[in-house]
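Reading through the structure tokens given below for one structure.
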Amino acid sequence: MVHTKKTTNGSLAIDQNGADILSIERRFHTDTKDSVNEMAKLIDGKQIAADIRVELRDQIKEWMEQGGNRAPHLTAILIGEDPASNTYVSNKMKAAADVGITSKTERYGADITEEQLLKRIEELNNDDSVDGILVQLPVPGHINERKVCNSVSCDKDVDGFNERNIGRLCLDMNTLIPCTPLGVQELIKRTEIETFGKNAVVVGRSKNVGMPIAMLLHADGRNDTCAMDATVTMCHRFTPPEELARFCRTADIIVTATGVPGLIKADMVKEGAAIIDVGITRVTDPVTGKNKLVGDVDFEEVRKVAGHITPVPGGVGPMTVAMLMKNTFIAAKNLARKKAEKEK
């Protein structure tokens, strides 16, 4: 991650010429565009995710060869016949095979009871051959989603949705971080977008995406989550439109995750800002009549103003899957270490 230099006590370094805070801000406030007419740099999440998968493949192979460990294993639970959920789980299993993680998908009908599901999760929690457990959301309405997420062992919670893991994230402690927020953080790091002391706006306050992203953006980079030291404003559906626009115009970084197509317009974006679009909605193209995926951002217009921008699709989506693989490997290593410590 790119960070402005800090002193040992965490304050901004003042140069020997006695520069004041305003001049320091000007020095480190770097726009990513050379002119108004230059298009934003595209953040290729698909390529970055592919790079991460190559790294993971090598790391898993080395871990297995050096320590005599078995391949990490991920078990996914898929309930019902929702086509989108089926596609998501299929993509995750393909990614697992690509990096050297073994996997299994357990399919259940939409009529499975909550008690049956919780019992199966408990069995997987106690199965030493399973490192990661993924319950594909959403679950049928008769099942309590929070109860299901909390039933997954914190050690195997590769989605990062157990309330104890979320609590550790909020306290900036070592934990399994939700995959989409972790993917956003990784995109920002690998694109070398400056975050220290910058203004960031998160649009959307969902507990699995918006809130964890805000935590990672604002928390102290010296602690376990390796967070980003930005000054964060959080907006949501009750933020008045004129206030949303005002907040966004102050932002060096905008992360939007609302599922509202075209919410972020070009006149809401400061020149040179970094735009991370987590939103994804299927709409009908008025020209072709075909379905297509779009984000929260008016992409074609905003890219004329922004410094960096993620596309939809091909931005955050592939990173979410890559981070699931990373979390599964982390969980496998942690469980192997705990087992070795018990056997001493």
Side-chain angles (χ1 to χ4, degrees), residues 31-32 40-43 45 137 160-161 166 169-170 177-189 191 193-195 197-219 225 227-283 293-320 323:
D31 286 341
T32 53
K41 179 180 178 182
L42 197 68
I43 302 175
L137 302 179
F161 291 165
I166 290 291
L169 169 62
C170 292
I177 298 171
C179 300
T180 297
L182 187 59
V184 169
Q185 183 186 43
E186 196 70 19
L187 280 179
I188 291 172
K189 285 182 178 182
T191 311
I193 294 169
E194 178 66 83
T195 60
K198 298 300 184 182
N199 289 329
V201 168
V202 177
V203 188
R205 60 180 177 182
S206 70
K207 299 300 179 283
N208 295 340
V209 181
M211 185 275 289
I213 286 172
M215 297 304 301
L216 289 173
L217 277 165
H218 97 269
T225 59
M228 295 179 276
D229 290 299
T231 300
V232 179
T233 300
M234 210 166 181
C235 300
H236 49 76
R237 61 179 175 168
F238 296 128
T239 304
E242 65 275 12
E243 290 298 291
L244 172 63
R246 182 174 68 86
F247 286 128
C248 286
R249 281 192 289 266
T250 69
D252 303 296
I253 302 162
I254 297 174
V255 183
T256 178
T258 68
V260 180
L263 177 66
I264 306 300
K265 308 292 187 184
D267 62 2
M268 299 167 63
V269 175
K270 181 170 71 172
E271 184 181 341
I275 312 297
I276 311 294
D277 192 348
V278 187
I280 184 165
T281 307
R282 190 176 298 276
V283 300
L293 297 177
V294 298
D296 293 353
V297 175
D298 183 354
F299 181 82
E300 293 302 330
E301 294 301 315
V302 170
R303 70 186 304 197
K304 299 174 184 177
V305 183
H308 290 82
I309 191 168
T310 58
V312 176
V316 177
M319 293 296 295
T320 298
M323 293 302 100

**Prompt:** Is the side chain of Thr258 donor-acceptor paired with the backbone N or O of Gly204 at a distance under 3.5 Å, no angle test?
**Reply:** no
(Q) Using modelled atom types and a 3.5 Å cut-off, is there a donor and acceptor pairing between side-chain atoms of Thr310 and backbone atoms of Gly315? (A) no
Restricting to non-hydrogen atoms, name the atom on [X] and the atom on [Y] that form the minimum distance, rounded to 0.1 Å.
X	Y	value
Val269	Val305	O-CG1, 3.4 Å
Ala274	Ile193	CB-CD1, 3.7 Å
Pro181	Pro212	CG-CB, 3.6 Å
Cys235	Thr239	CA-OG1, 3.5 Å
Met211	Ile166	CE-CG2, 3.7 Å
Leu187	Gly45	CD2-CA, 3.9 Å

Hey, what do you get for [atom1] ([X]) to [atom2] ([Y]), rounding to the nearest 0.5 Å?
X	Y	atom1	atom2	answer
Leu217	Ile188	CG	CD1	5.0 Å
Asp252	Lys270	CG	NZ	3.5 Å
Lys265	Asp296	NZ	CG	11.0 Å
Glu301	Met268	CD	CE	14.0 Å
Thr180	Met323	OG1	CE	10.5 Å
Lys198	Thr250	NZ	OG1	12.5 Å

Sequence neighbours excluded, the answer for salt bridge (Lys or Arg N to Asp or Glu O under 4.0 Å) partners of Glu242 is none
Worked check of side chain to side chain contact (heavy atoms under 4.5 Å, CB included) between Asn199 and Thr233: CA-CA 8 Å; Asn199 289 329; Thr233 300; over 6 Å; no
By side-chain hydrogen bond (donor to acceptor under 3.5 Å, both in side chains), Arg246 pairs with (sequence neighbours left out) Glu243
[X] versus [Y]: any side-chain heavy-atom pair under 4.5 Å?
X	Y	value
Phe299	Val312	no
Leu263	Leu244	yes
Asp277	Ile309	no
Leu216	Thr225	yes
Thr256	Cys248	no
Val232	Val202	yes

Practice problem: Give the intermediate values and the outcome of side chain to side chain contact (heavy atoms under 4.5 Å, CB included) for residues Val278 and Ile213. | Solution: CA-CA 11 Å; Val278 187; Ile213 286 172; 4.3 Å; yes
Which of Ile253, Ile275, Thr191, Ile276 passes side chain to side chain contact (heavy atoms under 4.5 Å, CB included) with His308? Answer is Thr191
